[in-house]
Amino acid sequence: MIEVRNLTKTYGDTVAVHGISFRVPEGRILGFLGPNGAGKTTTMRILTGYTPPTRGSASVGGYDVVRQPRQVRRIIGYLPENAPVYGEMTVRGFVGFFAETKGLAGAALRRAVGQALDECGLESVADRLLMNLSKGFRQRAALAQAVVGDPKVLILDEPTVGLDPVQIREIRGLIRGMAERRTVILSTHILPEASLTCSRVVIIARGRVVASGTPENIHSTLQESNRMTLLVRGLPDKVEKVLTEVPHVQKVRREGASRTHEEGMEKPFTPRTIEEYQVRVEKDHDIRAELAAAVVGAGLDLLEMRSVGLSLEDVFVHTITDETEGVRHDG
């Protein structure tokens, strides 16, 4: 449905997008992830025909975005970042205005507006002024203008920016519903959006694709080690030595030294001291039994042990700060 091939966009000496390629099959939700300034918005503006690429190509629904921009716009619904919502208009009038720009009129326009209002849960406020509505309802109206006319493709640039957690959850649910019969690209730098909403993700940094695949596969591929958290009673130096000597342990770190309240100095450690330790273990090695045996065998008290997996946010930060800029892909 969407094909991007070696896409590059430059502004003078600034390279906003550098040779990126990806594909979105029909009926999928693609999370387009990256920090601010990574090139996400530039890519979306190219896909919607608002900005021409410097090099490379892109197509939507089989139409080339440069040679056939009108055909592309007919099948795309676009929600730009910080989309303007005209406060002096009613919700119905606002959505109807965008329906007219898409060439709808008469009964077809009224039917399309009604469907968009229904899909975005706006019937109860359809005749109220947008300026009198909450941010959540205004964002629903912005979504409604994107879906009016029932486009085959939705391109949503930061659709939950500025919303509170309840509103984010509501918009996320709307997007999942919209995707049941559409192809969606969802741009965001909020990691839970990708893990909860998207079937595939592309991570972009400094204008380059640095990882792509399902959230689960990217997580698995980029997780280079396992992590364990242990709560142990005993002298910290002894605990750290015992843990470090267990095979396949890469690193041991004590979390937060005990300190006095008055002087900010470390308390003297005793065999009764309880501390938490982060243990990094080589990937694909389960050494929980060995860790427990080493701690108990050294006369220490193991009070708690649990696995701590890397979150998608950990993977995201790891990926975009990778100094080698190596491209990672997973089918």
Side-chain angles (χ1 to χ4, degrees), residues 1-34 37-84 97-105 108-109 112 116 142-143 145-159 175 178-179 181-188 198-210 212 327 329 331:
M1 176 59 73
I2 299 174
E3 293 273 358
V4 174
R5 296 173 292 274
N6 300 314
L7 203 64
T8 295
K9 179 64 179 179
T10 60
Y11 297 96
D13 294 331
T14 301
V15 181
V17 177
H18 195 295
I20 69 171
S21 299
F22 62 86
R23 179 176 179 271
V24 189
E26 186 173 356
R28 298 289 184 88
I29 306 179
L30 177 78
F32 199 43
L33 311 183
K40 303 188 302 297
T41 295
T42 298
T43 302
M44 290 187 150
R45 289 181 64 82
I46 292 172
L47 288 174
T48 53
Y50 286 94
T51 300
T54 305
R55 290 186 300 279
S57 63
S59 63
V60 179
Y63 298 113
D64 185 275
V65 298
V66 174
R67 297 195 302 269
Q68 301 166 295
R70 290 186 179 180
Q71 291 91 328
V72 168
R73 289 174 185 169
R74 287 195 189 105
I75 63 171
I76 280 182
Y78 179 41
L79 175 65
E81 184 179 5
N82 299 315
F97 168 74
F98 281 93
E100 288 181 7
T101 67
K102 296 180 180 182
L104 298 172
L109 183 148
L143 275 172
Q145 67 79 22
V147 301
V148 71
D150 198 20
K152 295 179 180 179
V153 177
L154 287 179
I155 295 183
L156 311 177
D157 194 357
E158 302 282 1
I175 292 170
M178 292 173 180
R181 62 179 189 277
R182 300 184 180 96
T183 303
V184 179
I185 294 183
L186 169 66
S187 163
T188 183
C198 304
S199 55
R200 295 184 65 82
V201 298
V202 168
I203 300 178
I204 184 173
R206 299 173 296 278
R208 300 174 184 267
V209 173
V210 293
S212 65
V327 178
H329 294 281

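One-based numbering along the sequence shown. Owing to the predicted nature of the structure, the values given are computational and were not obtained by experimental measurement.
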Participant: Tell me if a side-chain donor or acceptor on Thr51 pairs with a main-chain N or O of Ile46 at a distance below 3.5 Å.
Facilitator: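 Not confirmed, Thr51 side chain does not pair with Ile46 backbone.
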Participant: Quick check against the 3.5 Å criterion: does Gln145 have a side-chain atom that pairs as donor or acceptor with the backbone of Tyr78?
Facilitator: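 Yes, because the side chain of Gln145 sits within donor-acceptor range (under 3.5 Å) of the backbone of Tyr78.
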Participant: Keeping the roles fixed (side chain from Lys40, backbone from Phe32), state whether a donor-acceptor pair exists under 3.5 Å.
Facilitator: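 Checking the backbone N and O of Phe32 against the side chain of Lys40, no donor-acceptor pair under 3.5 Å is found.
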Participant: Would you please test Leu33 and Thr188 for side chain to side chain contact (heavy atoms under 4.5 Å, CB included) and show each step?
Facilitator: CA-CA 5 Å; Leu33 311 183; Thr188 183; 3.3 Å; yes
Participant: Answer yes or no: are there more than 12 heavy-atom neighbours, outside Lys152 itself, under 6.0 Å from its atom NZ?
Facilitator: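 No, not enclosed.
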Participant: How close do Ala38 and Ile204 get, counting heavy atoms only, and between which atoms?
Facilitator: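 Here Ala38 and Ile204 meet closest at CB-O, 3.5 Å.
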Participant: Tell me, with the steps shown, if Ile185 and Phe22 meet side chain to side chain contact (heavy atoms under 4.5 Å, CB included).
Facilitator: CA-CA 11 Å; Ile185 294 183; Phe22 62 86; 4.2 Å; yes
Participant: Provide the closest heavy-atom pair for Pro151 versus Gly77 in the form atom of the first, atom of the second, distance.
Facilitator: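 Where Pro151 meets Gly77 most closely, the heavy atoms are CB-N, 3.5 Å.
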Participant: Under the rule for ring-ring contact (aromatic ring centres under 6.0 Å, His included), what residues qualify as partners of Tyr63, not counting sequence neighbours?
Facilitator: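 If we apply the ring-ring contact (aromatic ring centres under 6.0 Å, His included) test to Tyr63, skipping adjacent residues, there are no hits.
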Participant: Could you measure the distance from the CD1 atom of Ile20 to the CZ atom of Arg5? Nearest 0.5 Å is fine.
Facilitator: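 Answer rounded to 0.5 Å: 12.0 Å.
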Participant: State the CE-CG distance between Met44 and Asp157, to the nearest 0.5 angstrom.
Facilitator: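 Nearest 0.5 Å value for the CE-CG distance: 5.0 Å.
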Participant: I would like to know whether Asp150 and Arg181 meet salt bridge (Lys or Arg N to Asp or Glu O under 4.0 Å); could you show each step before the answer?
Facilitator: CA-CA 10 Å; Asp150 198 20; Arg181 62 179 189 277; 3.4 Å; yes
Participant: Return the OG to CG distance between Ser57 and Leu7, rounded to the nearest 0.5 Å.
Facilitator: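 Answer for the OG-CG pair, Ser57 versus Leu7, is 7.5 Å.
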Participant: Would you indicate whether Glu81, at its atom CD, is surrounded by more than 12 heavy atoms from other residues, nucleotides or ligands within a distance under 6.0 Å?
Facilitator: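 Yes, enclosed.
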Participant: Which pair of heavy atoms, one from Val17 and one from Gly39, lies closest together, and at what distance?
Facilitator: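 Nearest heavy atoms, Val17 then Gly39: CG2-O, 3.8 Å.
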Participant: Of the non-hydrogen atoms in Val60 and Val153, which two are nearest, and what is the gap between them?
Facilitator: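 Nearest pair, atom of Val60 first, then Val153: CG1-CG2, 3.8 Å.
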Participant: Say you draw a straight line from CZ of Arg28 to SG of Cys198; how long is it, rounded to the nearest 0.5 Å?
Facilitator: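 It is 12.0 Å, given to the nearest 0.5 Å.
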Participant: Let me confirm one number: the CD1-OG1 distance from Ile155 to Thr48, rounded to the nearest 0.5 Å.
Facilitator: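 Going from CD1 on Ile155 over to OG1 on Thr48, the span is 6.0 Å.
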Participant: For Glu100 and Leu109, what are the C-alpha separation, side-chain angles and deciding distance, and is it a side chain to side chain contact (heavy atoms under 4.5 Å, CB included)?
Facilitator: CA-CA 7 Å; Glu100 288 181 7; Leu109 183 148; 3.3 Å; yes
Participant: Between Val209 and Ser21, what is the shortest heavy-atom contact and its length?
Facilitator: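 Minimum heavy-atom separation between Val209 and Ser21: CG2-O, 4.2 Å.
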Participant: From Leu143 CG over to Met178 CE, what is the distance, rounded to the nearest 0.5 angstrom?
Facilitator: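 Separation between the atoms: 4.5 Å.
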Participant: Under the side chain to side chain contact (heavy atoms under 4.5 Å, CB included) rule, what do Ser59 and Gln68 come out as? Steps first, then yes or no, please.
Facilitator: CA-CA 9 Å; Ser59 63; Gln68 301 166 295; over 6 Å; no
Participant: If you look at every heavy atom in Pro25 and Thr183, which pair is closest and at what distance?
Facilitator: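 Looking at all heavy atoms of both residues, the closest pair is O-CG2, 3.6 Å.
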Participant: Under 6.0 Å from the six-membered ring centre of Tyr11 and within 45° of its axis: does the NZ or CZ of Lys9 meet both?
Facilitator: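 Pair Lys9/Tyr11 counts as cation-pi.
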